[in-house]
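In the text below, chain A, chain B and the rest are named by the order of the sequence lines, each starting its count at 1.
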2 protein chains.
Amino acid sequence: MSEKEPIPPKIYRRTSLKELAAHLGLSQTTVSRVVNQSPGYLRIAPDTRDRVLAAAAKLNYQANVLAQGLRSKRSQIVSVIVPEISDGYSTSVLSGIEDSLLLGGYFYFVVSHRHRPDLLRDYPSLLLSRAVEGLIAVDTSIDEELPIPVVSVSGHSRHGSIVNIELDHTLAAHQALEHLKKLGHSRIAFIKGQSFSSDTQTRWRAIIRVAGELGIEILPKLTVQLEENGIGVEPGRVATMKLLERNEPFTAIFAFNDHSAMGAIVALREAGRDVPNDVSVVGFDDIPSAATNNPGLTTVRQPLQEMGRVAASTLLQMLRSPEEHQRRSILVLPTFVERNSTALAAAVRKTRTPTLIRSGQ
Amino acid sequence: MSEKEPIPPKIYRRTSLKELAAHLGLSQTTVSRVVNQSPGYLRIAPDTRDRVLAAAAKLNYQANVLAQGLRSKRSQIVSVIVPEISDGYSTSVLSGIEDSLLLGGYFYFVVSHRHRPDLLRDYPSLLLSRAVEGLIAVDTSIDEELPIPVVSVSGHSRHGSIVNIELDHTLAAHQALEHLKKLGHSRIAFIKGQSFSSDTQTRWRAIIRVAGELGIEILPKLTVQLEENGIGVEPGRVATMKLLERNEPFTAIFAFNDHSAMGAIVALREAGRDVPNDVSVVGFDDIPSAATNNPGLTTVRQPLQEMGRVAASTLLQMLRSPEEHQRRSILVLPTFVERNSTALAAAVRKTRTPTLIRSGQ
DNA sequence: CTGAAAGCGCTTACAG
DNA sequence: CTGAAAGCGCTTACAG
């Protein structure tokens, strides 16, 4: 007895509805109605209600959600499919998704497909056999019609009933290109996204349109695309090396995302070019490491967490009232974040006073 | 008809066991035995087996896992609880967990407690009412006895039957401190972890022990602790500012983790100190951004993904054979990663030839 | 070698 | 105002 008293184990013995009903001398039906406040709840005698509630609290009754799901056809589970879970983009979205789902009493399975065709093909049925009620696809295009509601974050699905949560890419392109234009850049290089990324096409079209409006030329020789292979900043580094080999002068790069912007900075540094003094670099997304990068990344922020929250609450809404007319797409707005990876173009710098140079964030 | 043909929707109409049995003129029992290869499978007539398998494939039978779980008391779901999902540490572990679980046919719920006491208190019962079979706690200490197997990653739980997956902190401390010692650092500052992090204590004790062995002094004036509030690199930046205010000279910092090491670098830069020429900084974890940080972070790598894989396969093992004696803890080994945030101490540099200076990674 | 029956823990028409 | 009964889609003793 000289040892520390063991903490008395919390009672995790689960009471079933049957036991609770027996304990109260009531039918399961009545008990079920009370604890779930189901239709008919109001017609139950107030003191019966109180007795049930008291006993449920005392015996720590918690419904078996599996059984509820089987019977009522609502598993209270949805699934989120992402390209790769250990990636800043997906997890910011997941964080927002979790916020909304928790409020709605839903749990979620995460699966990552890693661009593997077998997983992309098999996951939908695997998830359906788990009775998930809905699916959120993050940066993943779903090209089959599923028997459950699907919300896509940056997925650009044009299929059936899928609701897309998407960024206003036109505004995003405008913010980035106008920023570079103001700084005096006219020879701007572009790093396009990997072909597997569902944002690649949409964003590129917006860039072309906006560049036209702003009178910015897009030169094929200053355009490279990220390769499918490679992780982290590597694809951006490789793409930028390719760009440098072409010997076509440029003073700025607009990268597809922050990862590739960081890779671009690495490649430029290796080639002896200073960022931002020789070359300005603009990223996209504003993942957490964009701020701590050196130099801090000027970037177009996607409200990833908010996109997750909106995706989840939209999905819950669809589950609650399937019949209601649902918008096909919901637009969210980017925010432009100026840090230290962009500066006045060298040509312009000479003609202006140093105080005009942004001091950064 | 001039539009593109719509893709014929894949058949997602789910066949039930009952339907399949009726279609075959067999009992559910037999069909169940075949599709699950359950005990008794071998006693079934080979051609019955073939007929069942053929029909199951043709009608695309997939069991309803919810119903299976309810009946067999195996939901095939486990849960992972993490402090925060949008954090490089947790997601690397999750990535490994997913690898192992997928192979075992399990899916998982992720929940993040964000150090909120209410969530930490309520999640266990919420998960139990979801019938999860087991729990993996990442960097979270579980101090109640749960009725299901629990594996803890860096949780250091000394409770009941919990299996801990932990890093060899002594080796880790040895790698980092010997590295700094070799570079000629003797005045080393230490950033301790937040009090809520379960690794803080263990790692600090290991550091004290190893420092003693290596003859490295730990000065209270050169020791600071991360504050609980603040996200990303901010706590590390704040701690380092506090350190600098003390006006006690130091030439190196051993930080609790990579985030705080990055924050330290920011604070040092703001104070006009160059990393690594004035101060060397060593991080811990090797999260993805450690490599892309500028300067690249010298750090102690935790094999996070492996830890996740080991945690999940250990849990599955416990679910399969609960009676088997299970080790109380499983040790994994750190790898020391030299990058560019550490260099020879200034005092030493003068006395050696420049070629001795590491060229970095 | 195969099947009838019970039951996992719930919800929900239906009835009174 | 309350309950008996059926049934969600499975698995598993038990029986033959």
query = Should Leu316(A) and Leu101(A) be marked as a side chain to side chain contact (heavy atoms under 4.5 Å, CB included) after you check the CA-CA gap, both sets of side-chain angles, and the distance that decides it?
reply = CA-CA 8 Å; Leu316(A) 292 184; Leu101(A) 289 184; 4.0 Å; yes
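- In this entry the distance linking CD1 of Ile44(A) with C1' of dT12(C) reads 13 Å, nearest Å.
- Under the side chain to side chain donor-acceptor pair (under 3.5 Å) criterion, Ser79(B) pairs with no residue at all, not counting sequence neighbours.
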Compile the donor-acceptor pairs under 3.5 Å between side chains in residues 61-73 of chain B and protein atoms, sequence neighbours left out, one pair per line.
unit_1	atom_1	unit_2	atom_2	d
Asn64(B)	OD1	Leu66(B)	N	2.8
Asn64(B)	OD1	Ala67(B)	N	3.1
Ser72(B)	OG	Gln68(B)	O	2.6

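- Here Thr48(B) lies in heavy-atom contact (under 4.0 Å) with sugar-phosphate atoms only.
- For Glu133(A), the side chain to side chain donor-acceptor pair (under 3.5 Å) partners at least two apart in sequence or on another chain are Arg74(A), Tyr106(A).
- Contact check for Asn60(B) versus Thr15(B): no side-chain heavy atoms found under the 4.5 Å cut-off.
- Side-chain N/O atoms of Lys73(A) include none lying less than 4.0 angstrom from OP1 or OP2 on dT12(C).
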query = Would Thr314(B) and Met318(B) count as a side chain to side chain contact (heavy atoms under 4.5 Å, CB included) if you check the C-alpha gap in whole Å, the side-chain angles of each, and the deciding distance to 0.1 Å?
reply = CA-CA 6 Å; Thr314(B) 302; Met318(B) 291 165 81; 4.1 Å; yes
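- Residue whose closest nucleotide on DNA chain C sits further toward the 5' end, between Arg43(B) and Ala67(B): Arg43(B).
- Atom pair Asn64(A):CG and dC8(C):P shows a separation of 12 Å (rounding to whole Å applied).
- In this structure, Tyr108(A) has its ring center no closer than 6.0 Å to that of Phe109(B).
- Nearer the 5' end of DNA chain C, as judged by each residue's closest nucleotide, is the contact made by Arg71(B), out of Ala63(A) and Arg71(B).
- For DNA chain D, the stems formed by at least three consecutive Watson-Crick or G-U pairs, with both atom-pair distances below 3.5 Å, span C:1-3 with D:14-16, C:5-12 with D:5-12, C:14-16 with D:1-3.
- Between Ser321(A) and Gln317(A), the side chains place a donor N or O and an acceptor N or O closer than 3.5 Å (distance only, hydrogens not considered).
- Closest approach to the Leu17(A) side chain among dT11(C), dC10(D), dC8(C) is made by dT11(C) (side chain taken as heavy atoms from C-beta onward).
- Atom CZ of Arg74(A) and atom P of dT12(C) are 10 Å apart (whole Å).
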For residues 303-312 of chain B, tabulate all N or O donor-acceptor pairs below 3.5 Å that involve a side-chain atom, not counting sequence neighbours.
unit_1	atom_1	unit_2	atom_2	d
Gln305(B)	NE2	Ser95(B)	OG	3.4
Arg309(B)	NH1	Asp99(B)	OD2	3.2

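- Asn36(B) has a side-chain polar atom (N or O) that falls below the 4.0 Å cut-off from OP1 or OP2 of dT11(D).
- Within the nucleic acid shown, Tyr61(A) comes within 4.0 Å of sugar-phosphate atoms alone, with no base atom in reach, counting heavy atoms only.
- Contacts between residues 26-35 of chain B and DNA chain C, defined by a heavy-atom separation under 4.0 Å, are made by Leu26(B), Ser27(B), Thr29(B), Thr30(B), Arg33(B).
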